[in-house]
Structure formats: structure tokens, C-alpha cells
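First up is the structure itself, then whatever we jot down about it.
Not measured: the values here are computed from a predicted model.
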Amino acid sequence: MERAAALEKLSDLCWANADALLASLQFCASHGIGSFRINSHILPLKTHSECGYSMDDLPEGDEIVRRFKACGEFAQTHDLRTCFHPDQFVVLNSPRADVVERSVQELEYQAEVAEWVGADVVNIHGGGAYGDKNDALLRFARNLDQLSERVRSRLTLENDDTTYTPTDLLPLCRAEGIPLVYDVHHHRCNSDDLSVEEATSEAIATWNREPMFHISSPLGGWKGKKLRPHHDFINVQDFPRCWRDLTLTVEVEAKAKEVAVLKLKRQLTERWFVYILRCADGSFYTGITNDLNRRIEQHNAGTASRYTRSRLPVVMVYREEQFYQSAALQRELAIKALSRTAKETLAQSRA
């Protein structure tokens, strides 16, 4: 009787989670967010040693599966990519057979749901080093034989912030056909001989579909003491410039979640300019803007600056683009500190 009541409760939770997933995907579709990470516990206690269950055990289990498949149909229709990121206790290279067995069970469960919803990534970390990284990675490779094709076709590997760098994992990824989810924040915390640009290129080469990468910013900033914990938002300057023109799925790992994603998307589409104006009296004025034409119009209308208001008309003689507002501000200060001759040289360089 207790088991029957427990299964009824689990059925209700799974049903509600399927509905919540659809609502989340609908939110992403309506806000231009192209990827969604599905919670690893979306089927609660699925692989628990005592409370675990199959969908056939649940009242209305077939209908729950149909609801998840409807989520997959919605995601496909709206070009949404879904993925899973199992918890840290999933360790394929553990020297303990029982840990590996539980890890395999967890991966099989998440790959089953991934199949329902059309998710193409089940992403894990390399695991522990256990005193010998090479031996631990060889053990990882051997244990891949315990996985079904359903898992293997979705399995990806991610560099972490303490143990395995991209350089450590890339040989395994190449040998076993496992895509590398390149986490640039982890790489900055746990660096190797590869630059961000090199690691990006090497990681992309491991994928047979659109690559998925991770980004986050440190809680205390790069000059702070807490580099590994994630900030609520992404500092746009942490977004690698070499990613801007690539076709990638970039997962934002930030505590503000969708708010952080939408803020970063907005910042990445902004264009900032540093400009120099020649005023009617021959003097120069330097400023920044994210709408160059409008700003010049404001200057000539006398509404942009007290300095230019009395020196109209003005003519733009130089401009340069910067990716970020902070970089534009720094460049503005640098130009303002230049001599008149140096400013003339800049103006002539863009004539």
C-alpha cells in the first residue's frame, strides 16, 4: 500500500514536471533563448536504490511519456536545443565498481528522457584524478563499454575548474568520438598551454553537430578571491571575441538564469563607437555612443554636449568600433589624452 501511494505521488510529480518543462520551452521560444538545460531530477528518484521505478510502474506512465514527447515536438518545431548535465556524483572513472554502476544507471535514465524530448547532449565531467590522471582517463574509456548507444550518441565531456583541462581531455575525446563541451570559465580557472582561441578550435573539431560551450563569470571578479563560484550575471568582457562569429550553442551558467541570458544577448548585439568631431572653431571633441548617426544629429542640434553646442556645426572625422561599453570608455580617455597632432593623425587615418 505504501509503495502504491508512493508511485501515485511520483506520477503526479513527473506529470507536473513535464508540464513545467513545456512551459519553460515556451518561455524560451517567446524570448529568443535557443537552448534549455533540463533538470537532472525531472523524474524524481528514478534511479534510487530503494525507491526507483520504471515508467510502467507509474499510474498513467504512458501519458507522462507522451507529455515529454510533446515537449520534444515543441522544441523541434521552435528550433530549441535541449540538453542534460548530470550531477557531480556521476563519475565514470571511479575505481569503485558500485559508483560506476550507479553512474551508468543515471546516464541511462537521463538518456531515456533525452530521447523522448530530442535532447542531443548528456554532458559530464571527467571525474577524479585518483592520483594518476592518465590511468583515470584510461578507466573512463574502458567503462564506456557499459553504456548503451542511446547514451554514447549523446555523451559529451567537459573540462573542469580543478582537475581536467582541455589538453587533458582532448585525446580521449578524439579517440572515443566524444565531443568536448568547452567551458571557458573553467579553462581560465584551470589553465593549460592552450589559449582560448586554440581550445575553441580544438573543441569544435570534436563535434559532429553544432558545438555546445559554457560560459560564466567569477563571483568576485577576476581580481577577487572567489574565481570558481559563478556570478549572478555574465560580464560581457568574459565572452570570447573568437566566439562572436561562430555557430555555437553557448550555455550561460549564471545564478540569475534567464535574466542573465537575456542581458548577455542584449549586450552582445550592442555596437559601441568612439568618435572624434571637428568643431567649427577647429577644435576636437571625443565621445562614445551606441548609435552613431543619432548622436551626431544630437550634437548638431545642440542637445548632446555643452562643449559642441557653442561650436556648431560639427563634422565627424574619426570613428572606431569597440565590443564593449567599458572598452569604449577606456579608449575615449586614451584619445582625449592625445596631443592635437596625434588626433589629426587619427583623423587622417580614417579620411
Side-chain angles (χ1 to χ4, degrees), residues 37-43 45-50 52-56 65 68 72 81-160 162-183 186 190 192 199 202-214:
R37 180 186 296 178
I38 299 173
N39 192 296
S40 296
H41 304 291
I42 197 158
L43 299 184
L45 303 175
K46 181 69 167 62
T47 61
H48 192 277
S49 58
E50 296 179 4
Y53 54 91
S54 70
M55 298 309 291
D56 291 337
V65 173
F68 277 107
R81 191 177 193 183
T82 54
C83 63
F84 285 82
H85 195 348
D87 293 334
Q88 69 274 9
F89 60 79
V90 174
V91 184
L92 274 185
N93 70 345
S94 173
R96 291 177 48 185
D98 61 323
V99 173
V100 174
E101 181 181 1
R102 290 195 297 271
S103 297
V104 170
Q105 291 174 354
E106 189 69 16
L107 289 170
E108 293 291 347
Y109 138 59
Q110 295 193 32
E112 180 182 19
V113 184
E115 190 171 62
W116 298 341
V117 301
D120 69 327
V121 169
V122 177
N123 181 51
I124 62 174
H125 290 175
Y130 305 104
D132 188 329
K133 281 188 182 181
N134 290 332
D135 186 58
L137 290 177
L138 287 172
R139 190 162 54 247
F140 185 105
R142 289 195 300 270
N143 288 335
L144 291 173
D145 291 338
Q146 300 185 44
L147 302 175
S148 68
E149 178 58 25
R150 181 163 60 188
V151 179
R152 282 299 306 267
S153 65
R154 294 173 170 83
L155 189 69
T156 62
L157 198 52
E158 177 189 349
N159 59 298
D160 63 74
T162 57
T163 306
Y164 291 106
T165 68
T167 296
D168 293 327
L169 298 179
L170 280 165
L172 173 64
C173 290
R174 297 186 190 110
E176 299 296 336
I178 303 173
L180 178 68
V181 172
Y182 175 47
D183 189 311
H186 287 170
N190 183 24
D192 52 20
E202 295 287 346
I204 288 174
T206 65
W207 285 83
N208 61 0
R209 52 199 185 276
E210 181 173 302
M212 177 177 287
F213 288 176
H214 288 176

For the backbone of G52 and the side chain of K46, can you confirm whether one donor and one acceptor N or O come within less than 3.5 Å of each other? no
D120 and R209 have their tightest heavy-atom pair at O-NH2, 2.8 Å
Work out which heavy atom in V117 is nearest to a heavy atom in F68; give both atom names and the distance. CG1-O, 3.4 Å
Considering non-hydrogen atoms only, spot the tightest contact between A136 and A129 and give its length. CB-O, 3.6 Å
Distance (rounded to the nearest 0.5 Å) between Y164 OH and H186 NE2: 15.0 Å
T47 and side-chain hydrogen bond (donor to acceptor under 3.5 Å, both in side chains): which partner among E106, E108, R102? E106
Look only at the side chain of D192 and the backbone of T165, and say whether a donor-acceptor pair between them is shorter than 3.5 Å. no
Spacing of CZ belonging to R142 relative to CG belonging to L137, to within rounding of 0.5 Å: 11.0 Å
I want to check something: taking the side chain as every heavy atom from C-beta on, are P166 and E202 in contact at a cut-off of under 4.5 Å? no
Run the numbers on I42 and Y109 for side-chain contact (heavy atoms from CB on, under 4.5 Å), then give the verdict. CA-CA 10 Å; I42 197 158; Y109 138 59; 3.9 Å; yes
Could you tell me whether the side chain of S40 and the main chain of H85 form a donor-acceptor pair under 3.5 Å? yes
Which pair of heavy atoms, one from S94 and one from V100, lies closest together, and at what distance? O-CG2, 3.4 Å
Would you say N159's side chain and D183's backbone share a donor-acceptor pair under 3.5 angstrom? yes
Could you grab the distance from atom CG of D87 to atom NE2 of H125, nearest 0.5 Å is fine? 11.0 Å
State, with a plain yes or no, whether a side-chain heavy atom of V181 is found less than 4.5 Å away from one of W207. yes
K133 side chain vs T163 backbone, donor-acceptor pair below 3.5 Å: yes
Go through it in stages, so that I can follow the logic: the residues are W116 and M55, the test is side-chain contact (heavy atoms from CB on, under 4.5 Å), and I'd like the CA-CA distance, side-chain angles, deciding distance and then a yes or no. CA-CA 12 Å; W116 298 341; M55 298 309 291; 3.6 Å; yes
Donor-acceptor pair, S103 side chain versus V91 backbone, under 3.5 Å? yes
About how many Å separate NE2 of H214 and CG of N123, when rounded to the nearest 0.5 Å? 5.0 Å
Start with the C-alpha gap between I204 and F213, add the side-chain angles, then the distance that decides, and say whether side-chain contact (heavy atoms from CB on, under 4.5 Å) holds. CA-CA 9 Å; I204 288 174; F213 288 176; 3.7 Å; yes
With rounding to the nearest 0.5 angstrom, report the CG to CD1 distance, L157 to I124. 6.0 Å
Report the C-alpha separation of I38 and Q110 in whole Å, then their side-chain angles, then the decisive distance to 0.1 Å, and conclude whether the side-chain contact (heavy atoms from CB on, under 4.5 Å) test is met. CA-CA 10 Å; I38 299 173; Q110 295 193 32; over 6 Å; no
For G128, does its backbone N or O pair with a side-chain atom of N93 as donor and acceptor, under 3.5 Å? yes
Closest non-hydrogen contact found for P86 with L107 is CG-CD2, 3.9 Å
Flag, side chain of D160 to backbone of T162, donor-acceptor distance under 3.5 Å: yes
Would you say the side chain of M212 lies within less than 4.5 Å of the side chain of T156, judging by non-hydrogen atoms? no
Measure the spacing between CG of L92 and CG of L155 and express it to the nearest 0.5 Å. 7.0 Å
Could you tell me whether the side chain of T206 and the main chain of L180 form a donor-acceptor pair under 3.5 Å? yes
When you measure from the side chain of R154 to the backbone N and O of A119, does any donor-acceptor pair fall under 3.5 Å? yes
